[in-house]
Amino acid sequence: MTAAAFDYLKALVVEDNGHMRALLRSLLQALGMKQIYECADGAKAYDELRERKPDFILTDLSMQPVDGIEFTRRVRTGADSPNPYVPIIMITGHTERPRVMAARDAGVTEFLAKPITVQNLLLRIAEIVDRPRPFVRCEHYFGPDRRRRRDEDYAGPWRRHDDFRHDLALDDIAVRR
Amino acid sequence: MFPRHNKVEFIDAKSYPPVVRACDAASFVTLLKGDDAQRRAGRAVLARTSQLRDAVLDYVTGLERAARDGDDAAAFDRAHEIRGLGGTVGLVAAGRIANGLCIYLDVMRRRAQRADGPVVALHVDAIARAAQALDDATRLGEKVALELASLVAHKLGIPLETAAE
């Protein structure tokens, strides 16, 4: 298996569980990645981010003293963040909706639910390369576009730059009907 | 139609640096989605399975201790680790039951209520059995997971789908 990208790609793994951290490292190494950096919490990860400048981040949600949500928020909106656009894949066992919503609103790019499977991890990494997400900046949010699908029945306010095109598309649908 | 707001900036993905160079992207994605990558990564998991199963059993011991002490926070932490690692190393039933226990303990914490001892004990016992089970017992463990999810749903007054996520 050869792909030039595996040689220069840098990954940052942020996970407080040593077993899971080692497993993730092994998985990335098995793919051929050589530059893998590890941290056990969000505070150290932010320092590592500034020093190593990873191309993508795998992070857990629950960590002390700085969890994955706060870490993500710092990456996206911190004044000294070296790359607010870096893809962040949150790997979490938390299925509780409020926590997942909080992580999404902090600016997580992709979610990967524990227990992780090889297939799902590879798909998430492929996704951030193959289909990079547009970003949105507004008063209370900076991060990947949280709308993943078009709801043609959406009746709320249109606030996006491209909503004008969407309006036209809806008109077009109405005409065709 | 609602009025437009002009405070939202929409940033196209092409206007920030890509994860990999454009010339490498296609081959990178093809390799990631290919059978070879799956096989390599699968072998990496397999190589660590024994070690990770031992880790799950250690967490089970910790969970049993936390349950005996009535320490809900510690019980949640151990159960959370078991749900995270269990399924990855083939202890699917143990992971699912641990997930149900996490949901129960999390809701009780948010309601500022102590967890019901027998509910926790039933989960802990089932997790311990499932974590040490062979295949047949694991299949039974799936049924136990569903029964316990029904119990949690009943206790918390939430839909079964929420308790059995």
Side-chain angles (χ1 to χ4, degrees), chain A residues 1-6 8-9 17 19-20 22-23 26-27 29-32 55-56 60 62 83 85-87 91-98 114-119 121-123 125-126 128-139 145 155-164 167, chain B residues 1-21 23-34 36-38 40-45 47-48 51-52 55-56 77 80-81 83-89 91-92 95 98-99 102-103 106-107 110 162 165:
Chain A
M1 186 164 76
T2 54
F6 287 113
Y8 64 78
L9 258 186
N17 184 306
H19 299 291
M20 183 57 77
L23 177 66
S26 297
L27 284 168
Q29 283 175 333
L31 297 175
D55 299 294
F56 70 95
D60 187 23
S62 295
N83 182 6
Y85 298 100
V86 65
I91 302 175
T92 177
H94 287 281
T95 51
E96 299 86 7
R97 193 175 172 81
K114 290 179 186 172
I116 59 166
T117 65
V118 164
Q119 187 180 25
L121 175 64
L122 301 189
L123 282 176
I125 298 173
I128 58 174
V129 173
D130 208 18
R131 298 201 310 158
R133 307 260 299 276
F135 269 61
V136 170
R137 188 194 307 277
C138 59
E139 193 178 351
D145 188 352
W158 300 116
R159 291 185 285 225
R160 300 279 166 75
H161 179 254
D162 69 342
D163 280 341
F164 180 62
D167 291 353
Chain B
M1 189 62 70
F2 288 88
R4 288 174 195 287
H5 298 258
N6 295 321
K7 292 177 185 170
V8 179
E9 184 187 356
F10 194 71
I11 303 159
D12 192 90
K14 290 185 184 122
S15 59
Y16 63 84
V19 177
V20 302
R21 295 188 296 243
C23 59
D24 297 327
S27 61
F28 181 75
V29 170
T30 302
L31 281 170
L32 277 180
K33 291 182 175 176
D36 188 39
Q38 300 257 348
R40 281 167 179 257
R43 279 201 295 268
V45 174
R48 289 196 169 268
Q51 185 188 355
L52 292 175
V56 170
D77 288 345
H80 178 67
E81 301 298 354
R83 74 171 162 178
L85 281 174
T88 304
V89 293
L91 300 172
V92 178
N99 185 48
C102 285
I103 290 169
D106 186 58
V107 171
R110 281 192 276 125
T162 308
E165 276 173 342

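Just so you know, these numbers come straight off a predicted model, no measurement behind them. Protein chains get the first letters and strands the later ones, always in sequence-line order, with residue 1 at the start of each.
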How close do [X] and [Y] get, heavy atom to heavy atom, and via which atoms?
X	Y	answer
A30(A)	A44(B)	CB-CB, 3.9 Å
A126(A)	K33(B)	CB-CE, 4.0 Å
A41(B)	L27(A)	O-CD2, 3.3 Å
R110(B)	P98(A)	NH1-CG, 4.4 Å

Looking only at atom types and distance, does a side-chain atom of Y16(B) sit under 3.5 Å from a main-chain N or O of F135(A), one as donor and one as acceptor? no
When you measure from the side chain of R137(A) to the backbone N and O of E9(B), does any donor-acceptor pair fall under 3.5 Å? no
pair [X]-[Y]: side-chain heavy atoms closer than 4.5 Å:
X	Y	answer
D145(A)	F10(B)	yes
F6(A)	L32(B)	yes
T88(B)	K114(A)	no

For the interface with chain A, which of D12(B), V107(B), V45(B) has the highest count of heavy-atom pairs at distances below 4.5 Å? V45(B)
Side chain to side chain contact (heavy atoms under 4.5 Å, CB included) between L85(B) and N17(A), intermediate numbers included: CA-CA 10 Å; L85(B) 281 174; N17(A) 184 306; 4.2 Å; yes
Please report the interatomic distance [atom1]([X]) to [atom2]([Y]), rounded to the nearest 0.5 Å.
X	Y	atom1	atom2	value
Q38(B)	T117(A)	CD	OG1	8.0 Å
L122(A)	L31(B)	CG	CG	11.0 Å
F28(B)	I125(A)	CZ	CD1	6.5 Å

Side chain from CB out, backbone as N, CA, C, O: work out which of these in [X] comes under 4.5 Å of a heavy atom of chain B, or both, or neither.
X	result
I116(A)	both
S26(A)	both
P87(A)	side chain

Any idea which of N83(A), D55(A), D60(A), V118(A) has the most non-hydrogen atom pairs under 4.5 angstrom with chain B? V118(A)
Under 4.5 Å from a heavy atom of chain A, the part of R48(B) involved: side chain
